[in-house]
Amino acid sequence: MPDVELKRWLPHLEWFDMPLGAVLYESGKVEHYVYFPTSAIVSLLYVMRNGDSAEIAVVGNEGLVGISLFLGGNATPSRAVVQSAGTGFRMKAQFMKDEFDKSGPATHLLLRYTQALITQMSQTAVCNRHHSLDEQLCRWLLLSLDRLPGNELVMTQELIANMLGVRRGGVTEAALKVQDAGLISYTRGRIKVLDRLGLEKRSCECYQVVKDEYDRLLPRQIAA
């Protein structure tokens with residue numbers, strides 16, 4: 001962000017702890033804050049009436065949680081859950097709405113991020129329909145790693161199953177296939193990537209489609 005906008009925003013950013021499994025907002029509930037993860041990763045989950053859920057997108061240090069606030073909806077049918085513990089910032093809804101209405105560089109940046117997020121959601125839907133579970137797992141691991149400083153995730157099989165919308169046994173089978181290929185090690189809820197390039201080759205094309213769109217829409221330069 002340009003310095004002028006950043007200086008205006010800083011007093012309104014509140015440091016916020018994001019423990020594993022914390023729910024930042026619930027399906028259908030009015031959102032009062034927008035969240036900016038720094039070291040945490042947040043999953044956006046679509047929740048069915050029977051309680052089943054599936055991940056539609058992940059958000060990390062590249063983006064924010066709560067786009068419905070500045071798009072005018074104030075609530076969404078999805079749930080936001082911390083999938084990898086860490087920290088971040090939060091900002092009150094009204095300030096975000098006021099900033100978006102200024103139609104400056106920050107507004108354009110937020111709109112480009114929204115387009116990138118929609119791409120991720122669309123590609124996730126296609127991936128879940130057409131690709132194998134181990135390919136989906138590789139895509140999910142790569143998207144998560146892009147939002148973390150290291151090559152290790154702390155994640156239970158149950159949580160992964162909820163993210164991918166599959167049985168826990170299916171996650172175990174898929175993880176063992178990827179582990180047997182020498183790409184990851186998985187013990188006691190810790191996933192360590194041993195071969196990043198191999199993981200990219202094993203993944204379907206969905207990961208690269210999403211990454212390319214984020215790189216195109218959110219280049220590392222001052223927003224204009």
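If you read the sequence from its start, that first residue is 1, and numbering goes on from there. Computed from a predicted structure; not experimentally measured.
Between the side chains of Ser39 and Thr87, a donor-acceptor pair is found at a separation under 3.5 Å.
Nearest heavy-atom pair, Leu137 versus Ala174, reported as atom, atom and distance to 0.1 Å: CD2-C, 3.9 Å.
Between Tyr35 and Phe89, the ring centre distance reaches or exceeds 6.0 Å.
Taken to the nearest 0.5 Å, the OG1 atom of Thr124 stands 8.5 Å off from the CD1 atom of Ile56. Note that CG of Asn61 is 9.5 Å distant from CG of Asp146, once rounded to the nearest 0.5 Å. For the atom pair CH2 of Trp9 and CD of Glu99, the computed distance is 6.0 Å after rounding to the nearest 0.5 Å. For the atom pair Gln83 CD and Arg147 CZ, the distance stands at 9.5 Å (nearest 0.5 Å).
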*Go through the steps to decide whether Thr76 and Ser68 satisfy the test side chain to side chain contact (heavy atoms under 4.5 Å, CB included), and finish with yes or no.*
CA-CA 7 Å; Thr76 69; Ser68 62; 3.4 Å; yes
_Criterion salt bridge (Lys or Arg N to Asp or Glu O under 4.0 Å) on Glu152 and Arg190, from CA distance to verdict_ = CA-CA 7 Å; Glu152 187 172 298; Arg190 290 186 176 273; 2.9 Å; yes
*Give the C-alpha distance, both sets of side-chain angles, the deciding distance and a yes or no for salt bridge (Lys or Arg N to Asp or Glu O under 4.0 Å) between Arg139 and Glu135.*
CA-CA 6 Å; Arg139 168 188 57 81; Glu135 287 178 320; over 6 Å; no
_Set out, in order, the CA-CA distance, both residues' side-chain angles and the distance that settles side chain to side chain contact (heavy atoms under 4.5 Å, CB included) for Arg196 and Glu200, then state yes or no._
CA-CA 6 Å; Arg196 169 69 189 244; Glu200 291 181 8; 3.0 Å; yes
_Stepwise salt bridge (Lys or Arg N to Asp or Glu O under 4.0 Å) test for Lys211 and Asp215_ = CA-CA 6 Å; Lys211 185 178 186 305; Asp215 290 344; 3.0 Å; yes
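Glu55 places no side-chain N or O within donor-acceptor distance of the main-chain N or O of Leu44, the cut-off being under 3.5 Å. Between the side chain of Arg112 and the main chain of Leu218, no donor-acceptor pair closer than 3.5 Å is present.
Classification of the Tyr214-Tyr113 ring pair by plane angle, with boundaries at 30° and 60°, yields perpendicular.
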